[in-house]
A.B. asks: 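Here's a structure for you.
Within every chain, numbering begins at 1; the chains are lettered A, B, ... in the order of the sequence lines, protein sequences first and strands thereafter. The figures here come from the full heavy-atom set of this structure, side chains too, leaving out hydrogens, waters and symmetry mates.
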Amino acid sequence: MFKKILVVNRGEIAIRLIRACREMGIKSAAVYSSADTFSLHTRIADESHFLGGAAPSESYLNISKIIELAKRIEADAIHPGYGFLSENADFIQAVEEAGITFIGPSSKSVKMMGSKTAARELMINNNVPIVPGTTTPIDSLDEAKKICEGIGYPVLLKASAGGGGKGMKKVFNSDELEEGFLSASREAKKAFGSSDVYIEKLIQNPKHIEVQIIADKHGNYRHLFERECSVQRRHQKVIEEAPSPSLDQETREKITLAAINAAKACNYHNAGTIEFLMDSDRKFYFLEMNTRLQVEHPVTELISGIDLVREQINIAFGKKISFNQEELVILGHSIEARVYAEDPDNNFLPTSGKIVYHRLPSGPGVRVDRGIDNGSFVGLNYDPLLTKLSVLGKNREIAISKMNIALSDYLIAGITTNISFLKWILKQDKFLDGSYSINFLEEEFIPLIPDKWKSFQNLSDVEAAALFSVLLRNKKKNKFDNKSQNNYSKWSELLNE
Amino acid sequence: MFKKILVVNRGEIAIRLIRACREMGIKSAAVYSSADTFSLHTRIADESHFLGGAAPSESYLNISKIIELAKRIEADAIHPGYGFLSENADFIQAVEEAGITFIGPSSKSVKMMGSKTAARELMINNNVPIVPGTTTPIDSLDEAKKICEGIGYPVLLKASAGGGGKGMKKVFNSDELEEGFLSASREAKKAFGSSDVYIEKLIQNPKHIEVQIIADKHGNYRHLFERECSVQRRHQKVIEEAPSPSLDQETREKITLAAINAAKACNYHNAGTIEFLMDSDRKFYFLEMNTRLQVEHPVTELISGIDLVREQINIAFGKKISFNQEELVILGHSIEARVYAEDPDNNFLPTSGKIVYHRLPSGPGVRVDRGIDNGSFVGLNYDPLLTKLSVLGKNREIAISKMNIALSDYLIAGITTNISFLKWILKQDKFLDGSYSINFLEEEFIPLIPDKWKSFQNLSDVEAAALFSVLLRNKKKNKFDNKSQNNYSKWSELLNE
Amino acid sequence: MNNYFVTINDKEHHIRYESGNSVEINGKKITFELADQNGFHFSLRFGNETYDIIKVQESNGNVSLLIDGIYYEAHVQSDLEKRAAQLMKNSKKQIHHVEVRSPMPGMVLKILKTKGEEVKLGESVVILEAMKMENVIKSSSSGIIKEILVSENNPVEKGAILFKIE
Amino acid sequence: MNNYFVTINDKEHHIRYESGNSVEINGKKITFELADQNGFHFSLRFGNETYDIIKVQESNGNVSLLIDGIYYEAHVQSDLEKRAAQLMKNSKKQIHHVEVRSPMPGMVLKILKTKGEEVKLGESVVILEAMKMENVIKSSSSGIIKEILVSENNPVEKGAILFKIE
């Protein structure tokens, strides 16, 4: 087995990977930027190495520094996690050329799937259904206009090299096209260095269904069922579940088969995810393939009993997949909620601060993947994901119930998070009956501004006023320790009269 | 379903039960003594009620107060947890007579199993193998001498009404009998109010194997496989696992059948545990039946996927068991470690203090059941169990590995715990190869005093000295906040020179 | 001063502090038990109900709390402050001003409204580039744009006023 | 004073504090990075190794830490204290006294040794009743019982001296 794995990531996923190494008796090496000097992942790894400044280009995205480090510390494998360099074919090629094993697919597979337009062509050739649209980047606004008239509005403009919702715009009629096209190109250029944009027919109110697959270097392919990730805000997933509440067994068989065909088409090995859009008739269309471990992999691990990271590492080493397709059964229903450092009351903009109090949820059926600890500072340099809460219940109703309890138990002080928002989602009819589409949040949540929380409060106004006043009373008697938080001036004024 | 369940317990098990109520949409009512005013279980319950003083007799053992409370708040069911009143037939009868459902067996079943000697007789009549010995209490030292000569030394003296190791003494020859008999009687009298003691043949180096069973009020009986709980110190379990590393399938079938026969013999309904001793030839002997939820139930829940508390509540309400015997498969290997407020360096005596920092372990396959939180005060009034860490892995090796990581991740400041001791256990050959018996800790650990930790340290002396000196250095520069801890006088002296 | 006014969901409640573990709210006396777990996290009991409370923020008399994980906000004033505010309000002839502030540092990419234009609650007013994303800043109030304090392609600090709405 | 002695596992190490993030140990200079997470929990890095350290206890120069969850203890002395201790030791003719203390409040049920009797490391000396259990107190040293300070059926406080061993 590998002697030492270099984990080129941070936050909760770095910790997930380091734990897997420790479990397998492999030495783990972490990396950190100047913004992560003592972040949790550096403390639990066997060793940790400084890369450079807080800007990703100086640290987590710096290919030459990472390759140099891997050689120097004699790491025989590199795990990229998700984001950062995980789908960067140049990086993978550099790793391969340095004689180090990349825990992931070959650079060739990644290249085949890296361009959305090339991937669409590949799917067409392999009988995987795709959304009608262009397979090559659009050169000009004129060309865009012609294409849109061809496939009919509404359409979706997408960055060719994109992901995570950046460079993605919906256009409902020809009047909106110009602004949408320019905005998408600008964002694409800034986020990915290429302003290439392509056009797709917009499937209205679709569900986001994705299939987890895994493949080894011996030509074995397995699927681990589907996940539903339609609870999205600006194309960022917020809550995921497995299995999907909307799939029947027939569609499950079709969609998992399509996913395996997609993986075979690019001669894939490693864990991977094939994303589909599904319309209300359960017709599904290939969206893209993520050639890496996915943020939401815990829900699949929980319902399948398979450790995907362990499989990834074994596969990269040349071992075969440890299970047969027939052995897998769906063990229950799993839900994941992403706890972000962002403020639902303030356009979901990222928040920062020092975590002065952190109470994790616990109990049967609760899994916590977290990147933070008491005392951690959360800055604005990186993805605002703090913690993933996942639950496993015998059925969906129990899973929702467990998630509600876990979210209530999770207390964080010192930074604003989206926990209240997550709890709000779990109470919505469209979520409870499973009918939600990817437009759910935009339709249901956004119009509530600014009174969105009130419907959710379960104390009467008098009860709440009483609670506030008792805390005031307490403060009057015992001066607060204001060292770790700010903005207390007014409160103090009130009490010092 | 029940409208409101009164949970008559405290600590981690009260929290486990309150969570189950919340999951099932049942109102939960907690109780507390003056030592538990704001303990975690009172905060997560829907309502909480004061019982009385810190002494258990004034609160958690006060039958009349509890019955009065249950009536007043209109609880339609009572869950006793484990310990306290959970196996008190008088209490159960009082609950039954008050027209409230007891979530547990009938008082009649408990009475049948409550006296160890009566239980032994019942087992003999139902073809469940028992350890040779007396079935009636011993009246005098003379009688004890005669019996011991009959069954042969070594013998074990046990309190008839006992449990948890109290009133239990090993006697290896006739010289030791008098002291052992008197000591066992004394302890029995103090702990249980009755000095009745009986005598059993001592099985040397046995394993403690117990079978989880569950039965409903419709005559359905199921077993949920076995647990091995041989890692014991003074008859208190420390680490448990499921399945047992020492059982073969043939013995598993025999012992689970014997367990179901034992449960049938007392016309049982509810979750219950039949404890056996198993010798090196895998011959097993009935030890006792615990007519309640067991501390170590999480390992069974993890390997079976069954929620035992949910089943208990449904069964008490009159529902049938939710699964068939054939549906159950062993999903993996599970281990539980009990984190106690006790000092392994000081005869394992209980410790107390305020928890000023609490970092819970997390990650895939880790379950945490805890009764404490940041800021909790741990006193000496009750059982020193703080937290149960349980893990599920595909096999025993992975489970051990996960437990090692969980124990490393679990940091507690403000109170001495046995975490180091638990880590020590997980490194021992006899634990790793599964050959340990119930004498394991006494034979392996106790002789190490007082240098037991040194073999376990993985830093060189110089490295450790460097760490100590850096902390000293830091202290010199930045004065500590000494408010929450004491005993810093000398340290301050050192630095103020 | 022992008199305070707590406004929640636009309803004002009169609080009078009593001695010991009791306060009077709207003339009704209530008793409580309170535990300060660590300065930010409190446990509070009224009767049989126990609440875990996390203080989220407080500034200018606006206090927000998570009570058993659910978000509440209130405006807290002493009677002195209340009278002062009343006077201010009268002198300003009850014109309601709202400032739309930048929630984070970034670059103003586009300003979608002009001075004097009408704007509705929730309508987009500025596109701010931050975190490599284009973030749409929406108006937190309806009214007329009175003043625009930023310009396109210029950076803004967190908390900087973008617009004033009347 | 910048000179200290840290004794771990009976080996003494000489520490000299340097300026900035470095100390000298046994003549070798090492640099470090340290983060005080909350007064009890520290993160410390030497080279590529990062340690999570929890302070367990400190009294009379004896310091115990959990370093990545593993227990370590050390005796820390300044050079002044070291010299004082040496003098004390010489004046007492190197007789080593050990006191066996009660680890918790309880009732002395039985005393198993008499004055002048020999006792071995780990041997039982007292049976203490506490928490409704009979707790056997073992000797933390070998030697001769010099003095017994408690009697049967009498209560003892936590930390009270039970025996002195010479």
A.B. asks: Can you tell me if K65(B) has over 12 outside heavy atoms packed within less than 6.0 Å of its NZ?
C.D. replies: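 Yes - once you tally the heavy atoms of other residues, nucleotides and ligands closer than 6.0 Å, there are more than 12.
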A.B. asks: Find the distance between CG (D373(B)) and OG (S43(C)) and round it off to the nearest 0.5 Å.
C.D. replies: 8.0 Å
A.B. asks: Between the side chains of T50(C) and S48(B), is a donor N or O closer than 3.5 angstrom to an acceptor N or O?
C.D. replies: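 Side-chain D/A pair, T50(C) to S48(B): present.
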A.B. asks: Looking at E68(B), I want to see if its CD is surrounded by more than 12 non-hydrogen atoms of other residues, nucleotides or ligands under 6.0 Å.
C.D. replies: yes
A.B. asks: Drop me the distance from E49(C)'s CD to R43(B)'s CZ, to the nearest 0.5 angstrom.
C.D. replies: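 Interatomic distance, E49(C) CD to R43(B) CZ, rounded to 0.5 Å: 15.5 Å.
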A.B. asks: Non-hydrogen atoms of chain C under 4.5 Å away: do they reach the side chain of Y32(B), the backbone, both or neither?
C.D. replies: side chain
A.B. asks: If we only count heavy atoms from C-beta on, is the R45(C) to T37(B) side-chain gap below 4.5 Å?
C.D. replies: yes
A.B. asks: Provide the closest heavy-atom pair for F38(B) versus E33(C) in the form atom of the first, atom of the second, distance.
C.D. replies: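 The pair with the smallest heavy-atom distance is CZ-O, 3.3 Å.
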